[in-house]
Amino acid sequence: MALRLSPTDEIVLQRLAEMDAAYARLDEQLADPDVLSDHRKVRDLSVRKRALQPAVEGYRAYVALARELDELHAAATSGDADLEAMAAEDLPRVEDAIRDTLGGVKAALVNADDQRVGSVILEIRAGAGGDEAGLWARDLLDVYTRYAAKRGWNVETMELTGDASLGGVRSAVVNFSGEGVWSELSFESGVHSVKRVPATEAQGRVHTSTATVAVLPEPEEVEVRIDWANDVDEHLTTAQGPGGQNVNKVTTACHLVHKPTGIEVRMQESKSLQQNREKARRLLMARVYEVERRKAEAERAAARRGQIGTGERSEKIRVYRYQDGIVADERLDQKFQLQQVLTGDLAPLMHALIEKQTAERLTALAAG
């Protein structure tokens, strides 16, 4: 093909060819009757397929244009005056279309790995600010659940520790699953600071309170290898805290310790030991996966040039200013309407963050 490609373009096309093959394999799996009988597997495979689709469709369009370009070059040197004139007229159009298509497919490529993650575990913890921090953590949880409803995501509360005095939340662990959960919610990891007059403030003074958010991609079991018999200590106890007559009498709480990393997980939200054990294992897998993901991210950071993963986030990521009615994200120049965010309309904010990240990844990709 006469159109000159950079070394980066050659690498991109090789990666896209691999994704095209993976997309075809997913099609085969989704046609398998054994797979179709497992609804969770169908959901996971469908999310992965939709994540690949923009890049694969762009790649296939590129291949078709490249084939057309080869035919035009052959016509341009055919010795037939009419064919050569037609080819000369069409060549610039096809070359421009190839450049545009390749640019669009690069954007799809650098975000494809984020899109394929269809389930995340989000943890919210009240930070500085006493009772007001618990109320702020509850408000943040409401924001995310409202946004999930708008996006059509599934929401599962895995653990919730409330503050009985004012109705706040000291900590919450929630599973969100659906298309785009990681590519959007991964931006939420960090400290969320609120400036407002607390319900506990009698003199109308503005206070600053914080809540921390951690977002972990929930891996498929095949992605995380845990030797449950040898690498994990399991302690089964009675639940602690307020509850029904079974609290402190029946063994329902599950405490797991992953010996290789020292990661600990406790789960007692459900009244069923089996449910608490299943949730504890999922959370442990997500935390172990995050440790391994960050380790691999650090090792290949220089080589990957922003193509995969999200990288580290600054600690304080966002300030919610009630008196000004605005939300200021530390990573963006623009401001957002507070009431819009509080009602769960995070779409403009998420779009701006994804757009900025895509531009940064494309810049890194172009730099080689």
Side-chain angles (χ1 to χ4, degrees), residues 40-41 44 48 113-114 116-127 137 156-161 169-177 181-182 185-186 188-191 211-241 243 246-304 308-313 315:
R40 181 166 183 171
K41 193 167 186 64
D44 292 342
R48 290 166 62 187
D113 288 293
D114 289 344
R116 67 178 289 272
V117 179
S119 181
V120 302
I121 293 175
L122 184 144
E123 302 181 45
I124 300 176
R125 300 192 183 280
E156 175 190 5
T157 300
M158 301 179 70
E159 185 177 24
L160 182 66
T161 303
V169 169
R170 302 314 304 173
S171 65
V173 180
V174 184
N175 171 235
F176 294 94
S177 59
V181 287
W182 172 250
L185 292 182
S186 62
E188 299 308 292
S189 292
V191 175
T212 60
V213 175
V215 185
L216 310 175
E218 185 177 17
E220 295 182 32
E221 194 162 357
V222 294
E223 293 180 298
V224 178
R225 300 296 182 185
I226 294 179
D227 186 340
W228 297 101
N230 298 313
D231 289 347
V232 179
D233 284 336
E234 182 179 75
H235 307 283
L236 306 178
T237 63
T238 57
Q240 303 298 315
N246 286 340
V247 171
N248 299 320
K249 294 181 181 179
V250 178
T251 299
T252 57
C254 183
H255 175 203
L256 302 179
V257 181
H258 186 245
K259 291 184 284 187
T261 60
I263 294 173
E264 295 188 44
V265 169
R266 292 178 176 83
M267 195 65 64
Q268 64 174 41
E269 182 71 14
S270 300
K271 294 181 180 180
S272 161
L273 173 61
Q274 182 179 356
Q275 290 179 4
N276 283 328
R277 177 187 279 130
E278 187 265 340
K279 290 179 180 179
R281 286 193 169 200
R282 285 171 56 194
L283 182 54
L284 181 65
M285 285 176 63
R287 289 183 176 171
V288 170
Y289 175 75
E290 178 69 1
V291 168
E292 295 301 319
R293 188 186 70 83
R294 288 178 179 270
K295 186 189 300 182
E297 179 81 7
E299 290 173 354
R300 66 173 181 257
R304 70 176 173 85
I308 301 172
T310 59
E312 296 295 328
R313 308 280 187 202
E315 186 179 10

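- Not counting sequence neighbours, the partners of Asn230 by the side-chain contact (heavy atoms from CB on, under 4.5 Å) test are Asp227.
- Under the side-chain hydrogen bond (donor to acceptor under 3.5 Å, both in side chains) criterion, Glu290 pairs with Arg293, Arg294, sequence neighbours left out.
- Partners of Arg282 by salt bridge (charged side-chain N to carboxylate O under 4.0 Å, His left out), not counting sequence neighbours, listed by chain and number: Glu156, Glu218, Glu278.
- Of all non-hydrogen atoms in Glu188 and Val213, the two that sit nearest each other are O-CB, 3.3 Å.
- Contact record, Lys279 with Met158: O-CE, 3.4 Å, taken as the closest heavy-atom pair.
- The one candidate from Val232, Leu256, Asn276 that meets the side-chain contact (heavy atoms from CB on, under 4.5 Å) condition with Arg281 is Leu256.
- Residues satisfying the side-chain contact (heavy atoms from CB on, under 4.5 Å) criterion with Thr237, sequence neighbours excluded, are Ala253.
- Remark: Val181 pairs with Val120, Trp153, Phe176 by the side-chain contact (heavy atoms from CB on, under 4.5 Å) rule, at least two apart or across chains.
- Atom CG of Leu216 sits about 11.5 Å away from atom OG of Ser186, to the nearest 0.5 Å.
- The distance from the CG atom of Leu185 to the CD1 atom of Ile121 is 12.5 Å, given to the nearest 0.5 Å.
- For the residue pair Cys254 and Ala280, the shortest heavy atom distance occurs at SG-CB, 4.2 Å.
- Side-chain contact between Leu236 and Leu273 is present, with at least one heavy-atom pair separated by less than 4.5 Å.
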Going through the checks in order, is the side-chain contact (heavy atoms from CB on, under 4.5 Å) test met by Ser270 and Thr252? CA-CA 8 Å; Ser270 300; Thr252 57; over 6 Å; no
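- Remark: Arg125 engages Glu123, Ser171, Thr212, Arg287 in a side-chain contact (heavy atoms from CB on, under 4.5 Å) (not counting sequence neighbours).
- The structure places CZ of Arg277 at 13.0 Å from CE of Met267, a figure rounded to the nearest 0.5 Å.
- In this structure, CD on Glu269 lies 7.0 Å from OG1 on Thr161, to the nearest 0.5 angstrom.
- In this structure, Glu234 CD and Leu284 CG are separated by 10.5 Å, a value rounded to the nearest 0.5 Å.
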